**Q** 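Encoded as structure tokens, here's the structure I'll be asking about.
The analysis underlying the following values was restricted to heavy atoms, covering all of them including side chains, and did not include hydrogens, waters or symmetry mates. Below, chain A is the first sequence line, B the second, and so on; all start at residue 1. Keep in mind that what you see is a predicted model, and the values were worked out from it rather than measured.
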There are 2 protein chains.
Amino acid sequence: MARANVSALRKSALIAATVDQIGKTGSLEVTVSQIARKAGVSSALAHHYFGSKEQLFLAAMRAVLSEFGNEVRAERSGLVAPRDRVDAIVRTCFSPTNFQPEVVAAWLNFYVLAQTSDQAHRLLRVYQRRLHSNLLAELRPLAGPDAVQVAQTVAALIDGFYIRQALRNESLDATASIGLVTGYLDAILCTTTHHREAQRA
Amino acid sequence: MARANVSALRKSALIAATVDQIGKTGSLEVTVSQIARKAGVSSALAHHYFGSKEQLFLAAMRAVLSEFGNEVRAERSGLVAPRDRVDAIVRTCFSPTNFQPEVVAAWLNFYVLAQTSDQAHRLLRVYQRRLHSNLLAELRPLAGPDAVQVAQTVAALIDGFYIRQALRNESLDATASIGLVTGYLDAILCTTTHHREAQRA
DNA sequence: ATATTTATTGATTGACGAGTCAATTAAAAG
DNA sequence: CTTTTAATTGACTCGTCAATCAATAAATAT
């Protein structure tokens, strides 16, 4: 059983340390040395593996994004009712791993990074599109012609609650956020919701 | 008619330049020299008047916040129906001045600044509280016991659309954003909305 | 064993930028 | 006028940090 690539270990340690450090300090103004120290290696090694600070940031972003994607897929699997699948997506957004203050703070900073880095911008777009089309697929049968707008609204809502979490708005935790998003959905899909309630009764 | 304080002129020029520069570059990593150059003065003068880069940033934030507050007040004045007043607030959020890409980008960066600066954090909180209580005052008669949640949702929605604007999501301009927020309100206040429609008919 | 590639670092470089300061100019006061 | 006070700057300091590099250690291959 050959011991796995050391390089892969180091890389992922550095990536994790990057997210963590950005999240903890709430800023992109973290030094490569800080990150490397947290990962238990020298800053030179970080440069060796990633080439530049920006590339390290991008790798960290990719990691967060793909982790999020995986969770969505996992949470949604098995569910077949469109509304349940939408709720699964929403729940995932506010799951303990994704809605951790550090991760949310990192997200916020990735948004900022996207303002200056084309690659970051592209990554974020990919994520947004994917979220949007995921939502849309489930909302089509629920909201018909309004589906696009509902999907846009849900996506914006989620980002809005993320910002609040980043600012540590005590009054809005994950549960409350989920409640407000589903509350919106209940209201906007009132016809369909009534159907659901009828079915349950 | 004594010519106004030179110092006030310089200060406001520097503040405007700060917002502009942060907005244009989409980052807090702007140099005092860049800002000063844009304002037509030396960087030493910026330090002379503001003491530090952070204080300059905070002054810029205060300016944006208070400009926003003034606009809200102006736009809302004269309207008496709660729903109209809510709509006025929403409209102001997406008014040409406030929803300019540069200003929105500056906002986003102020959110980031609030992660590392207590003063910035406090400023943002004041703004958030004020917006919330403004919304709440109007929503109480419209949504009764749900008013708090509706206000929180509206506030989050607005922030969500701001993020989208910061990312230059072509598909969502000011008009579309206003439409989606009011769409939400129409749906959530459906009882009241029906009353309104009935009144109009 | 030896050669070759990979992992790893300490030390260094070079740039950049916030903040200071002493000096200069302009305005205000007396 | 002269003196005091405010406005303004260029030049400088000092720290920080990304990125490089040469050197060493460890692993892999031959």
Side-chain angles (χ1 to χ4, degrees), chain A residues 1-22 24-61 109-110 112-113 115-120, chain B residues 1-22 24-61 109-110 112-113 115-120:
Chain A
M1 193 210 286
R3 116 177 341 290
N5 241 350
V6 180
S7 93
L9 284 180
R10 293 288 122 90
K11 282 186 188 174
S12 60
L14 280 163
I15 287 173
T18 303
V19 175
D20 211 59
Q21 189 70 8
I22 292 178
K24 281 227 167 69
T25 71
S27 158
L28 294 173
E29 281 163 45
V30 293
T31 72
V32 175
S33 302
Q34 285 170 358
I35 295 170
R37 194 174 319 123
K38 181 168 284 199
V41 298
S42 73
S43 73
L45 196 67
H47 278 102
H48 175 63
Y49 280 132
F50 291 95
S52 76
K53 190 182 174 178
E54 188 184 2
Q55 289 306 313
L56 178 53
F57 281 176
L58 291 170
M61 231 177 122
N109 278 281
F110 290 154
V112 169
L113 184 60
Q115 307 256 302
T116 54
S117 157
D118 268 10
Q119 289 186 62
Chain B
M1 190 210 292
R3 119 177 337 290
N5 241 351
V6 180
S7 95
L9 284 181
R10 293 288 121 92
K11 281 186 188 174
S12 60
L14 280 164
I15 287 173
T18 302
V19 175
D20 211 58
Q21 188 70 10
I22 292 180
K24 281 229 166 70
T25 71
S27 160
L28 295 173
E29 283 163 46
V30 294
T31 72
V32 175
S33 302
Q34 283 169 2
I35 295 170
R37 194 172 322 125
K38 182 169 284 196
V41 298
S42 73
S43 73
L45 196 67
H47 279 103
H48 176 65
Y49 281 132
F50 291 94
S52 75
K53 191 181 171 177
E54 187 183 4
Q55 290 305 314
L56 178 53
F57 281 176
L58 290 170
M61 229 176 122
N109 279 282
F110 290 154
V112 168
L113 184 61
Q115 306 255 303
T116 54
S117 158
D118 268 11
Q119 290 186 62

**Q** Send over the distance from B:Arg10 CZ to D:dA6 C1', rounded to a whole Å.
**A** 13 Å
**Q** Report, one pair per line, the protein and nucleotides 23-25 of chain C atoms (nitrogen or oxygen only) whose separation is under 3.5 Å.
**A**
none

**Q** Among B:Val19, B:Val30, B:Ile22, which one satisfies side-chain contact (heavy atoms from CB on, under 4.5 Å) with B:Ile35?
**A** B:Val30
**Q** Is there a donor in the side chain of B:Ser117 and an acceptor in the side chain of B:Glu54, or the other way round, less than 3.5 Å apart?
**A** yes
**Q** For a quick test of reading the model, state the closest non-hydrogen atom pair linking A:Leu113 to A:Ala120 and the distance between them.
**A** CG-CB, 3.9 Å
**Q** Only Watson-Crick and G-U wobble pairs, only distances under 3.5 Å, only runs of 3 or more: what stems does that leave for DNA chain C?
**A** C:1-30 with D:1-30
**Q** For B:Lys38, give me all partners under side chain to side chain donor-acceptor pair (under 3.5 Å), at least two apart in sequence or on another chain.
**A** B:Asp20, B:Gln21
**Q** Minimum heavy-atom separation for A:Phe57 and A:Leu28, please, with both atom names.
**A** CZ-O, 3.6 Å
**Q** So A:Lys53 and A:Leu56, side-chain contact (heavy atoms from CB on, under 4.5 Å) or not? Walk me through it.
**A** CA-CA 5 Å; A:Lys53 190 182 174 178; A:Leu56 178 53; 5.6 Å; no
**Q** What's the OH-C1' distance between B:Tyr49 and D:dT9, to the nearest Å?
**A** 12 Å
**Q** To check you understand the geometry: which heavy-atom pair defines the closest contact between A:Ser43 and A:Ser33, and what is its length?
**A** CB-OG, 3.7 Å
**Q** Could you encode protein contacts along nucleotides 9-21 of chain C as a string, one character per nucleotide from 5' to 3', using B for base contact, S for sugar-phosphate-only contact and - for no contact, with a heavy-atom cut-off of under 4.0 Å?
**A** BB------SSBBB
**Q** Can you name the closest pair of heavy atoms from A:Ala59 and A:Ile15 and give their distance?
**A** CB-CD1, 3.9 Å
**Q** Tell me which residues in residues 13-21 of chain A lie within less than 4.0 Å of DNA chain D, going by non-hydrogen atoms.
**A** none
**Q** What's the CD1-P distance between A:Ile35 and D:dC17, to the nearest Å?
**A** 12 Å
**Q** Would you kindly give the CG-to-C1' distance between A:Leu9 and D:dA27, to the nearest whole Å?
**A** 15 Å
**Q** As an exercise, state the distance from OG of B:Ser52 to CG of B:Leu58, rounded to the nearest 0.5 Å.
**A** 7.5 Å
**Q** Taking side chain to side chain donor-acceptor pair (under 3.5 Å) as the test, write out the residues that go with A:Gln55, two or more places apart.
**A** none
**Q** Taking all heavy atoms of A:Thr116 and all of B:Ser27, pick out the closest pair and write down the distance.
**A** CG2-CB, 4.0 Å
**Q** How long is the span from the OH atom in A:Tyr49 to the NE2 atom in A:His47, to the nearest 0.5 Å?
**A** 15.0 Å
**Q** Taking all non-hydrogen atoms of both residues, which atom of B:Thr18 and which atom of B:Ala60 are closest, and how far apart?
**A** CG2-CB, 3.8 Å
